[in-house]
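Beneath this line is the structure, given in structure tokens, with notes to follow.
Any value given below was found using the heavy atoms of this structure, including those in side chains, with hydrogens, waters and symmetry copies removed. Residue numbering restarts at 1 for every chain, and letters A, B, ... go by the order of the sequence lines.
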Amino acid sequence: MPSANSVIVLDFETTGLSPNMGDRAIEIGAVKLVDGEVVDTFQQLMNPGFRVSSFIESYTGITNNMLTHAPCCEEVMAEFAEFIQGENLVAHNASFDKRFLDDELERINANYSGEFACSLLVSRRLNQQAPSHKLGDLVRHMNIDNDGVFHRALADAQMTAKLWMLMVSDLEQRGIDLPSFALMQKIGKTSKAAVEKLLASQ
DNA sequence: TGCCAGGCCCTCTTTAGGGCCTT
């Protein structure tokens, strides 16, 4: 049973957009939040077993040379499966990260018990004035503290965690005492038009 | 040869199409 007051915010860097097209994870980054505080982190490069494209090298800054010396996906994901055990999960555009998490864990016959919530879907509802909901654009728009590193797994997970906590604070300011993971998850799945009604009913 | 993701959301919608997001 996932813990009520903790959540793990994660981000994958991958060789492309779809595990169904043969793409694999090349880096996982994650932060564990308990009561809004970072209590643990996880970051690891992993070797997908083939060369990544020059686009991915340029996009992420992760080079084939760096991956040559990294442990394989199976080894890293086995460790990561332990890290997320019993925790609920958050990612920016969670459907993307969930596909890779499910695919990589299926390869090693591992699984997880938590559920996903999506910071992108929540942001589209709570930050309707934002010109864009790309993670980098939201970080700039909301003046979220960052070290200027984008498209690396731990850096993106850290920024997503800060965005998540800001949105939790936003809900608290709207009068909701200790917004739960379940409420955040529900906001992401509720139509924009119904969100105000949902919040008013809390 | 040429093409290849998938889920969400909006609208000139629902017998569909296209933009936004993720790498």
Side-chain angles (χ1 to χ4, degrees), chain A residues 7-31 42-67 70 72-73 76-77 80 84 89-107 115-142 144 146 149-164 166-167 184-198:
Chain A
V7 70
I8 286 179
V9 185
L10 64 89
D11 182 71
F12 277 104
E13 302 306 315
T14 70
T15 64
L17 292 173
S18 173
N20 287 341
M21 301 294 291
D23 289 316
R24 299 292 302 270
I26 57 173
E27 188 180 42
I28 178 68
V31 302
F42 189 105
Q43 180 181 32
Q44 186 62 60
L45 288 169
M46 54 190 124
N47 188 333
F50 54 90
R51 291 180 64 80
V52 302
S53 68
S54 57
F55 170 78
I56 292 297
E57 284 190 314
S58 170
Y59 187 80
T60 64
I62 298 169
T63 65
N64 281 293
N65 187 49
M66 290 161 70
L67 295 173
C72 65
C73 296
V76 173
M77 291 308 299
F80 190 64
I84 63 174
L89 307 169
V90 169
H92 200 67
N93 199 9
S95 66
F96 174 84
D97 293 278
K98 182 177 187 300
R99 278 198 298 279
F100 278 94
L101 180 65
D102 290 351
D103 182 76
E104 292 294 347
L105 292 189
E106 188 179 345
R107 289 171 180 270
E115 294 186 17
F116 264 95
C118 177
S119 56
L120 170 66
L121 296 183
V122 175
S123 177
R124 280 179 176 160
R125 288 154 178 80
L126 297 187
N127 304 317
Q128 294 188 25
Q129 76 292 350
S132 150
H133 294 273
K134 287 179 186 172
L135 181 60
D137 289 345
L138 283 171
V139 164
R140 284 181 279 269
H141 177 73
M142 299 171 77
I144 292 173
N146 69 90
V149 176
F150 294 90
H151 305 306
R152 285 300 299 268
L154 182 58
D156 282 5
Q158 287 170 327
M159 289 186 288
T160 302
K162 289 175 183 174
L163 168 65
W164 188 253
L166 268 181
M167 294 193 294
M184 300 293 279
Q185 199 180 31
K186 193 169 179 180
I187 288 171
K189 293 178 179 175
T190 302
S191 72
K192 277 186 184 177
V195 164
E196 293 301 325
K197 197 174 174 183
L198 170 69

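- Looking at the side chain of A:Met21, the nearest of the listed nucleotides B:dT23, B:dC20, B:dC4 is B:dC4.
- A:Val52 is listed as a side-chain neighbour of A:Asn64, based on a closest heavy-atom distance under 4.5 Å.
- For A:Lys134, the side-chain atoms get nearest to B:dC21 when compared with the rest of B:dC21, B:dG6, B:dT23.
- B:dG18 sits 28 Å from B:dT1 when the P atoms are compared, rounded to a whole Å.
- No donor-acceptor pair under 3.5 Å is formed between the side chain of A:Gln44 and the backbone N or O of A:Val76.
- Atom pair A:Asp102:CG and B:dG7:C1' shows a separation of 14 Å (rounding to whole Å applied).
- Distance NZ (A:Lys98) to C1' (B:dG6): 12 Å, rounded to an integer number of Å.
- Here A:Asp137 lies out of heavy-atom contact (under 4.0 Å) with every strand.
- Annotation: B:dT14 and B:dC8 have their C1' atoms spaced 16 Å apart (nearest Å).
- Residue A:Asn93 places its side chain closer to B:dG6 than to any other of B:dC4, B:dT23, B:dG6.
- Contact annotation for A:Asp97: no contact, since no heavy-atom pair falls under 4.0 Å across all strands.
- Position along DNA chain B of the nearest nucleotide to A:Ser18 versus A:Phe96 favours A:Ser18 as the more 5'-ward residue.
- For the pair A:Glu27 CD and B:dT22 P, the computed distance is 16 Å after rounding to whole Å.
- Atom NE2 of A:His141 and atom P of B:dC21 are 12 Å apart (whole Å).
- Taking side-chain N and O atoms only, A:Ser95 has no distance below 4.0 Å to OP1 or OP2 of B:dC21.
- Distances from the side chain of A:Asn20 to the nucleotides B:dG6, B:dT23, B:dA5 place B:dG6 closest.
- For the pair A:His92 NE2 and B:dT23 C1', the interatomic distance rounds to 13 Å; values are reported in whole Å.
- Remark: of the listed residues A:Val90, A:Asp97, A:Thr160, A:Ile28, A:Asp97 is the sole one forming a side-chain contact (heavy atoms from CB on, under 4.5 Å) with A:Asp11.
- Side-chain contact between A:Met142 and A:Leu163: present, with at least one pair of heavy atoms (C-beta onward) separated by less than 4.5 Å.
- The A:His133 side chain lies nearest to B:dC21 when the options are B:dG7, B:dC21, B:dT22.
- Listed nucleotides: B:dT23, B:dT22, B:dC8. Nearest to the side chain of A:Leu135: B:dT22.
- Remark: the separation of the C1' atoms in B:dC3 and B:dC21 is 22 Å, to the nearest Å.
- Nucleotides B:dG7 and B:dC12, compared at atom P, are 26 Å apart to the nearest Å.
- Residue-level contact check: A:Phe12 touches the backbone only, with heavy atoms under 4.0 Å from sugar-phosphate atoms and none from bases.
- Taking atom CZ on A:Phe150 and atom P on B:dC21, their separation rounds to 15 Å, with Å as the unit.
- Within the 4.0 angstrom heavy-atom criterion, only backbone atoms of the sugar-phosphate kind lie near A:Thr60; the bases stay farther away.
- Looking at A:Arg99 and A:Asp103, no side-chain N of the basic residue comes within less than 4.0 Å of a carboxylate O on the acidic one, giving no salt bridge.
- Comparing A:Glu13 and A:Ser191 along DNA chain B, the residue whose closest nucleotide (by nearest heavy atom) sits nearer the 5' end is A:Ser191.
- Side chains of A:Ile62 and A:Leu67 form a contact here, defined as non-hydrogen atoms less than 4.5 Å apart.
- Here B:dC21 presents its P atom at 15 Å from CG of A:Asp156, a figure rounded to the nearest Å.
- Comparing the same atom, P, in B:dG2 and in B:dC20 gives a spacing of 28 Å after rounding to whole Å.
- Judged purely by distance below 3.5 Å, without hydrogens or angles, the side chains of A:Thr15 and A:Asp23 pair a donor atom with an acceptor atom.
- Straight-line distance from the CG atom of A:Leu120 to the C1' atom of B:dT23: 15 Å, rounded to whole Å.
- A:Leu121 comes within 4.0 angstrom of the backbone, heavy atoms only, and of no base.
- B:dC4 and B:dC10 are spaced 26 Å apart, taking the P atom of each and rounding to whole Å.
- Within 4.0 Å (heavy atoms only), A:Thr15 reaches no atom of the nucleic acid at all.
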